[in-house]
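Worksheet: the structure to be examined is printed underneath.
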Amino acid sequence: MSSFGRVLCIITGASKGFGRAIATDMARHVKPKSMFILVARSEDELRNLQSDLARSGMEARSVVLDLSRKGSPEMVVRIAKDACPPDIEHVILFNNAGTLGDVSRLTRTFTSMAEVDSYLSFNVSSAFCLTAGVLQAFPRSSGVRRCVVNVSSLCALKPFPTWGLYCTGKAARDMMFKVLAEEEPDVRVLNYAPGPLNTDMQETIRTKTGDPQLRQQFLDMFEEGELLSVERSCAKLMKLLKEDKYKSGEHIDYYDV
Ligand code: NAP
């Protein structure tokens, strides 16, 4: 029997990488007929995942949209609410979608407010508004357990040269979830930093990072097979969520546990 129960599980960035791994792993830990809301821009990848989940006894909806567009968090909430089975016991939101932004340039080159706003709009505002929307759609009075996960990074805590946008966005997201944990004691809130994952994002890091030492460091990690598989990091996330002992709002790194 699963410890999560019958779940409404909303995952952003579910089309590939860590988000896809979360969906696949969650399906092993929830009751049959749990509902998965899979959000990303790549329709084919989402539909493939949806079919895989259906084969393991889950319900799933693909929500093909660009989270950087205004109104997209509201649309996800609306679809999740409409699709939610009446006997749901637990709502879990994984704010996983994210981008690096332009990691080739120094912070002093970002003079365009439009460029910075556009980055923060997707990487911070959409997660902020989606989380708020989900908590409003499933208020405390609904009686369902509620959990929100922010897929964070070491970059929320530590500065990396030429990663100004990424570090800023991750730090802001962590703080938003920490504030939320203070305000909503009955909501379980986790900032999980998954470690260096062998995904498409890492390829961008290896090829586009402007700081030569940092770029080399990640190239070495790749060549020496030191990057983590998404499955391995996701297993730790599942353990944390299932044990449910973390302090709400805490930042926990893969290497901490
Ligand atoms: P990834 O392979 O690049 O996947 C990113 C996901 O975000 C994809 O599903 C992508 O789907 C989605 N996405 C991107 N832009 C979107 C948009 N505008 N609207 C909707 N969805 C969008 O990245 P990953 O490595 O799995 O990273 C997942 C999370 O882990 C991110 O938050 C990342 O910051 C964090 N993280 C990664 C690492 C690492 O080493 N990879 C380390 C620490 C933290 P579509 O392209 O289909 O839209």
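Hydrogens, waters and symmetry mates are skipped; everything else that's a heavy atom, side chains included, is used. Indexing begins at 1, ligand by ligand and atom by atom, following the structure's order.
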Enumerate the protein residues lying less than 4.0 Å from ligand 1, judged by heavy-atom distances, in chain and residue-number order. Gly13, Ala14, Ser15, Lys16, Gly17, Phe18, Ala40, Arg41, Ser42, Leu65, Asp66, Leu67, Asn96, Ala97, Gly98, Thr99, Phe122, Val151, Ser152, Ser153, Tyr166, Lys170, Pro194, Gly195, Pro196, Leu197, Thr199, Asp200, Met201, Gln202
Under the rule for ring pair (Phe, Tyr, Trp, His ring centres under 6.0 Å), what residues qualify as partners of Phe218, not counting sequence neighbours? Trp163
State which residues pass side chain to side chain donor-acceptor pair (under 3.5 Å) with Lys242; sequence neighbours excluded, sorted by chain then number.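 Once residues adjacent in sequence are excluded, the partners of Lys242 under the side chain to side chain donor-acceptor pair (under 3.5 Å) criterion are His29.
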Before accepting this row, confirm whether a basic side-chain N of the pair Lys178/Glu250 lies closer than 4.0 Å to the acidic partner's carboxylate O.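 So Lys178 does not pair with Glu250 through a salt bridge.
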Side-chain polar contacts of residues 74-88 - donor-acceptor pairs under 3.5 angstrom, sequence neighbours left out - could you list them?
| from | atom 1 | to | atom 2 | distance (Å) |
| --- | --- | --- | --- | --- |
| Asp87 | OD2 | Arg6 | NH1 | 2.9 |

Face-on cation placement of Arg173 at Phe128 ring, 6.0 Å and 45° thresholds: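 No cation-pi geometry.
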Validate the cation-pi geometry between Arg145 and Phe138: distance from NZ or CZ to the six-membered ring centre under 6.0 Å, angle to the ring axis within 45°.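 Verdict for Phe138: no cation-pi partner in Arg145.
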